[in-house]
Amino acid sequence: MKKLTLICCVCLMSTFSIKAQKAINPPAGGKAISNELIGIFFEDISSAADGGLYAELLQNGSFEFSPAERDGWGAGTAWRTVRPGHSLGFIQPLGINPIHPNNPTYMRLNVERVGHYYDFAGWTGFGIQNDGFNGISVKANKDYCFSAFFRNVEGGEKTVRIALAVPQGWGKDPKLLADAEVKVSSNSWQKYEAQLSASEDATNAVLQLLVLDKGVIDVDMVSLMPGETFKGHGLRPDLAQALADLHPKFMRFPGGCVVHGGGDGFWDTYRWKTTVGPKEQRRGLKNTWGYHQSMGLGYYEYFQFCEDLGMQPVPILPCGVSCQGTNGGWGMKDQAQDWVPMSEMDEWVNEALDLIEWANGDVSTKWGRVRAEAGHPAPFNLKYLGLGNEERISPEFIERFKYIYERVHKAHPEIVIVGTAGPGSHPGNRDFETGWKLAEEIELPILDEHYYEPRDFFLNNRQYDNYPRDRKTKVYLGEYAAKDKKLIDALAEGLYLLHVERNGDVVCMTSYAPLFARKDNTNWNPDLIYFDNERPYLTCSYYVQQMFGVSSGDYFYGDCVNIHDASNLQGQSVILNTKTRQLFVKLCNASADKKQADVDLTRFKGLKTTAVKTVIQGNAEDENNYDNQPIQPKKENVKIQKKMKVDMPPYSIQMFEINL
């Protein structure tokens, strides 16, 4: 009887929920547009992954940094030897019988003496120390999860002390925040785990592994993760929440030039298959931005994050052609570009086909089983797949793109393929024109355009107004930004997005780029979100993107608002979301003069008399930075009418969110 009652209650709740969210019919005068206009683009640039979104607190925990990747690197990069209590020993990077061939390097600790010098109050042992990413930030009474693989090589069982501490200077014991011990006796690789609870806040903590017994021991895959990550999936909560608050409809990843070995050639091309298994079996890689990727944030985590946020995953795969920026090629008159022989193209075709099987295949398939073994037996329901990233549209690129596109499309016609219009995607550009010609020839579903321009471009250009309406290929504006991060730049981007909404029948997706930048390791400016070990810093552009992400819908109305004495510096849109029964009125004024608009919403039935009004406003040169963040959205509940006059303050963008 209780079971029956529960079922009935669930049914009633479901019926109520469906009724409350029943879609409405759009009134006349609107234009159907994409409901996926605002997404995010994640590229591991400016330490966006390791030391950023990926919550791992240690750097080079797998000892895979290599001088083959970068001069001055080595297995001991980010590590130092510690020998408190006058202990003695030495370390050796080795690669004999590693945990996995993809992770060949480990560190051997040869412990010759464990000291007991009285000045060190028992802090003793021989070992290694990791400072994280410019210090490890921990919070009092929070748990931190340690793990590592150890192998006892010579001597009896060994006690390894794991100490989370704050250095106090030469000759002094560190201040202990937390510690634990593990006993290592096996002569084969074993994973050990311990939980550490910090006794106080610290921004400059270190992790020490101290062997307390003589002999030889190997260590690899050292990790320290916060006990609390975003939805328990290994991502840093504050940075992940900042992305969730953008309300993105999709995420493009992993790049960008990271996709196709932009810095050094094909040997460091991103290969998704080495990023989805157990962490100790993944292959780390130097990326085009000059640092090492651990691949702790790999394709599995990307897809999982998309699922957590309700976003469509848009993975981008290489298509047998390198970035023309390889080895300084961006500065060449005729940019360099490498390509694989056509006889090897099936390898790259299979890369795409296997990814689709991994994402969507049943657990009985080869790659579907790999996904299930990682912890996700249900398919990810991949819809989009990108091939290539802003390559020069050379004859060699065209030949290889057509080869891979035709085979993937034939095998999986349900997958929407995203192509590329090359770098600098503006009418008149050689790659742009050639890319569009190819897209129309093969009836490519979506073409990815990229451009970074000064604010004046976004203030004055409305290029999508002139795009043909009968094209079968839609536009994805995959990378764009004004070249500064002042309020006026964000407003310029906002005006441009208003024009994108107006052309939402031609443009189906957009994503600002780059997304993240670490304060002390920034490769590119501007970026949407800056951060350090403690917190994110949200730019003016972030809040404008957020406003557009919140106000997604499926119908655009262009004749509901009349701005008095309007110029290119003012813009407006009215967006209807028929599923959520919400109406969004956005007004932007990027001039120094106050403006006024007449708003007529009489065509919308059932309009509520109150709305949430959000305003972003300030001085044109205002900028959010680490020390001062003057630009913040201001929200208030306001009364509205179907016909009303709205003031548009100088240098402002505002939105009315109205329920129907």
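One-based numbering along the sequence shown.
- Under 4.0 Å is where a charged nitrogen must lie from a carboxylate oxygen, and between Lys366 and Glu357 no such pair does.
- Smallest separation of non-hydrogen atoms from Thr105 and Pro93: CG2-CB, 4.4 Å.
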Q: Report the C-alpha distance between Val276 and Arg371 in whole Å, list the side-chain angles of each, state the deciding distance to 0.1 Å, and finish with yes or no for side chain to side chain contact (heavy atoms under 4.5 Å, CB included).
A: CA-CA 8 Å; Val276 297; Arg371 182 198 67 240; over 6 Å; no
Q: With side chain to side chain contact (heavy atoms under 4.5 Å, CB included) as the test, would you mind laying out the steps for Val206 and Arg80 before giving the verdict?
A: CA-CA 11 Å; Val206 301; Arg80 68 182 70 186; over 6 Å; no
Q) Do Arg271 and Glu347 pass the salt bridge (charged side-chain N to carboxylate O under 4.0 Å, His left out) test, and can you show the C-alpha distance, the side-chain angles, and the key distance before you say yes or no? A) CA-CA 11 Å; Arg271 307 304 288 266; Glu347 175 185 346; 2.8 Å; yes
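- Of all heavy-atom pairs spanning Gly388 and Cys319, the tightest one is CA-SG, 3.9 Å.
- With no hydrogens or angles considered, a side-chain donor-acceptor pair links Gln241 and Asp245 at under 3.5 Å.
- By the 4.0 Å N-to-carboxylate-O rule, Glu280 lies too far from Lys191 to be salt-bridged with it.
- Of all heavy-atom pairs spanning Ser87 and Gly115, the tightest one is OG-N, 2.9 Å.
- Counting heavy atoms from C-beta outward, Thr229 and Leu235 have side chains that stay 4.5 Å or more apart.
- Within the 4.5 Å cutoff, side-chain heavy atoms of Trp348 are placed close to those of Thr269.
- Here the side chains of Val408 and Leu353 are in contact, with some heavy-atom distance below 4.5 Å.
- Listed for the Asn152 side chain is a donor-acceptor partner under 3.5 Å among the backbone atoms of Gly156.
- Put simply, the side chain of Asp346 reaches to within 4.5 Å of the side chain of Tyr403, judged on heavy atoms.
- The side-chain tip of Arg161 points at the ring of Trp123 from less than 6.0 angstrom away and within 45° of straight on.
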Q: Please assess Phe41 against Leu515 for the test side chain to side chain contact (heavy atoms under 4.5 Å, CB included), listing each intermediate value before the final yes or no.
A: CA-CA 6 Å; Phe41 160 50; Leu515 186 61; 5.9 Å; no
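- Interatomic distance, Asn134 CG to Asn204 CG, rounded to the nearest 0.5 Å: 11.0 Å.
- Looking only at distances, no side-chain donor or acceptor of Asn360 sits under 3.5 Å from a matching main-chain atom of Pro379.
- Between Leu382 and Pro315, the closest heavy-atom pair is CD1-CD, 3.6 Å.
- Of the inter-residue distances, the one linking Asp220 atom CG with Ser62 atom OG reads 6.5 Å to the nearest 0.5 angstrom.
- The shortest distance between side-chain heavy atoms of Val160 and Leu210 does not fall below 4.5 Å.
- Put simply, the residue from Trp189, Phe149, Phe150 that forms a ring-ring contact (aromatic ring centres under 6.0 Å, His included) with Tyr106 is Trp189.
- Remark: Ser223 OG to Glu193 CD distance equals 9.5 Å, nearest 0.5 Å.
- With hydrogens and angles left out, the side-chain atoms of Thr274 and Asn102 include no donor and acceptor closer than 3.5 Å.
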(Q) Test side chain to side chain contact (heavy atoms under 4.5 Å, CB included) on Leu309 and Phe230; report intermediate values, then the result. (A) CA-CA 11 Å; Leu309 264 60; Phe230 189 76; 3.5 Å; yes
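- The aromatic rings of His376 and Tyr300 stand perpendicular to each other, their planes meeting at an angle above 60°, with 30° marking the opposite boundary.
- With Glu56 contributing its side chain and Leu58 its backbone, the two residues share a donor-acceptor pair below 3.5 Å.
- To the nearest 0.5 Å, the span separating CG on Asn110 from CD1 on Ile217 amounts to 11.0 Å.
- If you look at Phe250 and Tyr384, their ring centroids are not closer than 6.0 Å.
- Judged purely by atom type and a 3.5 angstrom limit, Asn60 uses its side chain to pair as donor or acceptor with the backbone of Thr77.
- Arg113 is not listed as a side-chain neighbour of Phe126, based on a closest heavy-atom distance of 4.5 Å or more.
- Using a 4.5 Å heavy-atom threshold, the side chains of Val222 and Asn130 count as separate.
- Ring geometry, Phe303 versus Tyr299: the interplanar angle falls from 30° to 60°, so the pair is classed tilted.
- For Pro423 against Glu391, the heavy-atom pair with the smallest separation is CD-O, 3.7 Å.
- Qualifying ring pair (Phe, Tyr, Trp, His ring centres under 6.0 Å) partners for Trp79, counting only residues two or more places apart in sequence or in other chains: Phe63.
- Asn287 places a side-chain N or O within 3.5 Å of a backbone atom of Asp44 that can act as its donor or acceptor partner.
- A salt bridge between Arg108 and Glu154 is absent, with no side-chain N of the basic residue lying under 4.0 Å from a carboxylate O of the acidic one.
- A donor-acceptor contact shorter than 3.5 Å is absent between the side chain of Asn389 and the backbone of Pro318.
- Gln59 places a side-chain N or O within donor-acceptor distance of the main-chain N or O of Gly132, the cut-off being under 3.5 Å.
- Ser46 contributes no side-chain N or O that, together with a main-chain N or O of Ala517, makes up a donor-acceptor pair within less than 3.5 Å.
- The number of heavy atoms from other shown groups lying within 6.0 Å of NZ (Lys214) does not exceed 12.
- Checking Glu43 against Trp524 by side-chain atom types alone, no donor-acceptor pair falls below 3.5 Å.
- Side-chain atoms of Asp131 and Gln129 include a donor-acceptor pair closer than 3.5 Å.
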Give every donor-acceptor pair under 3.5 Å between a side-chain atom in residues 525-533 and any protein atom, sequence neighbours left out.
| unit_1 | atom_1 | unit_2 | atom_2 | d |
| --- | --- | --- | --- | --- |
| Asn525 | OD1 | Tyr530 | OH | 2.5 |
| Asp527 | OD2 | Tyr530 | OH | 3.2 |
| Tyr530 | OH | Asp527 | N | 2.9 |
| Asp532 | OD1 | Glu534 | N | 2.8 |
| Asp532 | OD1 | Arg535 | N | 3.0 |
| Asp532 | OD2 | Tyr537 | OH | 3.0 |
| Asn533 | OD1 | Arg518 | NH1 | 2.9 |
| Asn533 | OD1 | Arg518 | NH2 | 2.8 |
| Asn533 | ND2 | Phe133 | O | 2.9 |
| Asn533 | ND2 | Gly135 | O | 2.9 |

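- Of the charged side-chain nitrogens involved, at least one lies within less than 4.0 Å of a carboxylate oxygen, so that Arg282 and Glu301 count as a salt-bridged pair.
- Residues satisfying the ring pair (Phe, Tyr, Trp, His ring centres under 6.0 Å) test with His292, not counting sequence neighbours, are Phe65.
- From Phe305, atom CZ reaches atom NE2 of His233 across 11.5 Å, with rounding to the nearest 0.5 Å.
- Residues Tyr270 and Val259 are not in side-chain contact: their nearest non-hydrogen atoms beyond the backbone lie 4.5 Å or more apart.
- Using modelled atom types, one side-chain atom of Thr420 and one backbone atom of Glu390 make a donor-acceptor pair closer than 3.5 Å.
- Summarising the geometry, atom NZ belonging to Lys286 is positioned 16.0 Å from atom CD belonging to Glu64; distances are rounded to the nearest 0.5 Å.
- Taking all atoms of both residues into account, the shortest heavy-atom contact from Asp238 to Pro536 is OD2-CD, 3.3 Å.
- Judged by distance alone, with hydrogens and angles left aside, the side-chain atoms of Arg400 form no donor-acceptor pair with the main-chain N or O of Met345 at under 3.5 Å.
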